[in-house]
Amino acid sequence: MIDVLVVGAGPNGLMLAGELALAGIRPVVCDRLVEPTTENRANGLVGQVVRMLDRRGLYQRLTGDAAPPRPAPRFVFGALPLDLSGVADNPLHGLAVPQRQIERVLAERAAELGVRIRRGHEVTALRQRDDAVEVGFADGTSLTCRYLVGADGGHSTVRKLAAIGFPGVTTDRSVSRTAQVGVPAESIDPATGGIRVPGHGVVPPFHHTRTERGLIVWAPFPDRPPLVSTTEWPDEPEASTPMTLAEMRASIARVIGAEVPLAPPAGAGPHVLRRLVGGNTRLAERYRDGRVLLLGDAAHVHSAIGGPGLNLGLQDAVNLGWKLAARLHGWAPDGLLDTYETERRPAARRVTVSTQAQSALIAPGSEVTALRELVAELLARPENAAHVAALMAGADVRYDLGPGAPPVGSWAPDVQVHGDAGPVRLAELTREARPLLLDGTGALADAAGPWRDRVDLVTGRLGGTTSTALLLRPDCYVAWASTAGDPDRDGLRAALGRWFGRPRD
């Protein structure tokens, strides 16, 4: 019997498979597509997930850069500039890597860890038993697994077969168009990299430029054809004919009131050329039904504005992976698997608040223009910019992990451990996705001893934090912390038992 069947070989499903494999579980991933999709659904990563990938050793594989991630000095919120240069401990990171590359790196890592990926397997039926889930496929075959995880997108078959509701809001007014294009060299502003448009000015790169008629984004990525996107709110329904480059030109002209000379992109395709009508904001009624769990877009869908999708979904995977592995290994405390929903569903709700607010700020109309003027004044204050940056990064998520010092429940800071061999970054200690006790006092080995089969102990002076000791879950959230020279050993034992089960005999 298979321990875990993950349905969906996108980034979220592959990330979960890798996390399970690191924890000693051998999942199977299946996908209805015979080959990986060539469509680029995302153009990068924004938020805390960038640092999470660093803590799994994946950031360097994606970038080829040995240096740790650096926060973005500026970003946008609702097509308004978000200056982060004055924000202390700026939490907002970005990584401009296309989704195809992310999927390739995650698939390679999963294969290295022994994960099997079965393509051309479309799930059509499931039946839960007390001890397993029976899964049927379109080709008439079937298999049995102890747990089934639906990572199969917003139209999730697994969610529908499990009869989990997906309430929310569907809008059909907006029309978004995206295309990879070629632009004459003389139209590129050498100082900024933006597009010079006679009669309008410069459309800056990697910014959301809003007018009273719509929104335009110009994204000249360095390693692929540049991307241009528009969003409009037409009065008449859109045609159902295939998207064309001429349609893209016409949309740009309507949004900025001037023509932009677009040509087909250089190089071999396939190239992006798509139209999306309307959008959805939906959140699954529950993330778990018995032995069936939902992950990523199968559990939540929302606007792509601000780029929160993979930040949310990949962190879902990191949260679920170690808890599901603990359940299968038999040491999970009662209710541990249920905390996946109680922790991650509010995080998804927080993202929908952000995306719906930003969507309201980019809408047409003079009243929205007035609102934008006021919000821009607020965002100019560093304390407000810091608040919004934490919202967009997901850094304001704080779990209820029990009593303890102030850091408990928050994501671990970028600690350095100074030992005999010199300083070691936290990201170098979390590659194996195991619980971790960082002991800056040198006095906690005995208290943690009964859990050493599950929890790694690292001793040394802690830099980058006011804590003298930190207990971290595999998803890098602080489960216990001490700021005293003589730490609370009883509190540590309670946290170890609450999150990592009974002590060894």
Side-chain angles (χ1 to χ4, degrees), residues 1-42 44-45 49-64 95 97-123 135 137 143 145-153 156 158 293-299 309-329 340 427 430-434 474-476:
M1 182 189 299
I2 294 171
D3 283 330
V4 182
L5 176 65
V6 181
V7 181
N12 298 322
L14 292 170
M15 187 73 183
L16 175 63
E19 292 292 298
L20 289 167
L22 286 172
I25 303 298
R26 290 293 175 264
V28 172
V29 179
C30 72
D31 197 285
R32 64 179 180 81
L33 297 178
V34 177
E35 298 289 342
T37 180
T38 57
E39 181 183 359
N40 246 348
R41 296 190 180 94
L45 300 168
V49 70
V50 176
R51 289 194 289 171
M52 188 68 244
L53 293 176
D54 180 39
R55 293 183 180 184
R56 289 294 187 263
L58 293 167
Y59 177 81
Q60 291 72 21
R61 293 177 65 161
L62 285 165
T63 64
L95 177 60
V97 176
Q99 181 167 326
R100 282 182 293 185
Q101 184 177 342
I102 297 169
E103 288 188 12
R104 177 180 58 78
V105 168
L106 292 176
E108 289 173 354
R109 178 217 197 199
E112 292 165 5
L113 294 170
V115 175
R116 289 178 291 164
I117 301 176
R118 299 179 177 179
R119 292 198 167 273
H121 282 63
E122 181 179 0
V123 173
V135 182
F137 298 97
L143 59 76
C145 55
R146 290 186 172 88
Y147 286 92
L148 173 66
V149 179
D152 49 344
S156 171
V158 172
L293 298 111
L294 302 179
L295 173 68
D297 288 355
L310 287 177
N311 185 33
L312 183 61
L314 292 174
Q315 289 193 82
D316 286 350
V318 174
N319 185 289
L320 176 59
W322 73 274
K323 296 173 180 177
L324 189 52
R327 182 65 173 263
L328 289 162
H329 285 310
Y340 167 59
T430 54
R431 303 284 168 89
E432 302 302 316
R434 284 175 56 83
D475 57 357
C476 292

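Every heavy atom of this structure was used, including side-chain atoms; hydrogens, water molecules and symmetry mates were not. Counting begins at 1 with the first residue of the sequence.
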Fill in: Check: L294 main-chain N/O paired with Y340 side-chain donor or acceptor under 3.5 Å
yes
Worksheet, complete the sentence: With sequence neighbours left out, the residues meeting side-chain contact (heavy atoms from CB on, under 4.5 Å) with R32 are E122
Discussion item. Could you work out, with salt bridge (charged side-chain N to carboxylate O under 4.0 Å, His left out) as the rule, every residue matching E35, not counting sequence neighbours?
Written reply: none
Discussion item. Assess the residue pair D3 and Y147 against the criterion (side-chain contact (heavy atoms from CB on, under 4.5 Å)); give the C-alpha distance rounded to whole Å, side-chain angles, the decisive distance to 0.1 Å, and a yes or no.
Written reply: CA-CA 6 Å; D3 283 330; Y147 286 92; over 6 Å; no
Item to complete: Flag the pair L293 / L148 as yes when at least one side-chain heavy-atom distance between them is below 4.5 Å, and no otherwise.
Response: no
Worksheet item: Which is it for C30 and V6 under the side-chain contact (heavy atoms from CB on, under 4.5 Å) test, yes or no, and what are the steps along the way?
Response: CA-CA 6 Å; C30 72; V6 181; over 6 Å; no
Worksheet entry | Main-chain N/O of P36 paired to E103 side chain as donor or acceptor, under 3.5 Å | no
Discussion item. Please find the pair of heavy atoms, one from L62 and one from I102, that lie closest to each other, and give the distance.
Written reply: CD2-CA, 3.9 Å
Worksheet item: Could you walk me through whether L324 and V149 pass the side-chain contact (heavy atoms from CB on, under 4.5 Å) check?
Response: CA-CA 10 Å; L324 189 52; V149 179; 4.1 Å; yes
Discussion item. Once side chain to side chain donor-acceptor pair (under 3.5 Å) is applied, do any residues pair with D152, and if so which ones, sequence neighbours excluded?
Written reply: S156
Worksheet item: Within a strict 4.5 Å, meaning less than it, do heavy atoms of the P11 and Q99 side chains meet?
Response: yes
Discussion item. So, using side chain to side chain donor-acceptor pair (under 3.5 Å) as the criterion, who are the partners of R431 when residues are at least two apart?
Written reply: none
Discussion item. Does any part of the side chain of R109, heavy atoms only, come nearer than 4.5 Å to the side chain of M15, both counted from C-beta?
Written reply: yes
Practice prompt. Could you pull out all residues at least two apart from E108 that satisfy side chain to side chain donor-acceptor pair (under 3.5 Å)?
Written response: R104
Response to the item:
The side chain to side chain donor-acceptor pair (under 3.5 Å) partners of D31 (sequence neighbours excluded) come to none
Practice prompt. Report the distance from atom CG of L106 to atom CD of Q101, rounding to the nearest 0.5 Å.
Written response: 10.5 Å
Discussion item. Taking the side chain as everything from C-beta on, heavy atoms only, tell me whether R118 gets closer than 4.5 Å to L5.
Written reply: no
Worksheet entry | Partners meeting salt bridge (charged side-chain N to carboxylate O under 4.0 Å, His left out) with D54 (sequence neighbours left out) | R425
Worksheet item: In Å and rounded to the nearest 0.5 Å, what is the CG to CG distance from D316 to D475?
Response: 11.0 Å
Fill in: Q315 side chain vs N311 backbone, donor-acceptor pair below 3.5 Å
yes
Worksheet item: Under a 4.5 Å cut-off applied to non-hydrogen side-chain atoms, are M52 and V318 in contact?
Response: yes
Fill in: Minimum heavy-atom distance A107-I117, with the two atoms named
CB-CD1, 4.5 Å
Discussion item. Would L16 and V29 count as a side-chain contact (heavy atoms from CB on, under 4.5 Å) here? Give the steps.
Written reply: CA-CA 10 Å; L16 175 63; V29 179; over 6 Å; no
Worksheet item: Which residue pairs pass the ring-ring contact (aromatic ring centres under 6.0 Å, His included) test when at least one of the two sits in residues 98-122, sequence neighbours left out?
Response: H121-F137
Item to complete: Hey, could you give me the CZ/CG distance between R119 and L33, rounded to the nearest 0.5 Å?
Response: 6.5 Å
Practice prompt. Using side-chain contact (heavy atoms from CB on, under 4.5 Å) as the criterion, list what pairs up with N12, not counting sequence neighbours.
Written response: L295, L310, L314
Using a 3.5 Å cut-off and no angle test, enumerate the donor-acceptor pairs between side-chain atoms of residues 18-28 and protein atoms at least two apart in sequence or in another chain.
| residue | atom | partner | partner atom | Å |
| --- | --- | --- | --- | --- |
| E19 | OE1 | R56 | NE | 3.3 |
| E19 | OE1 | R56 | NH2 | 3.1 |
| E19 | OE2 | R56 | NE | 2.9 |
| R26 | NH1 | A21 | O | 3.3 |

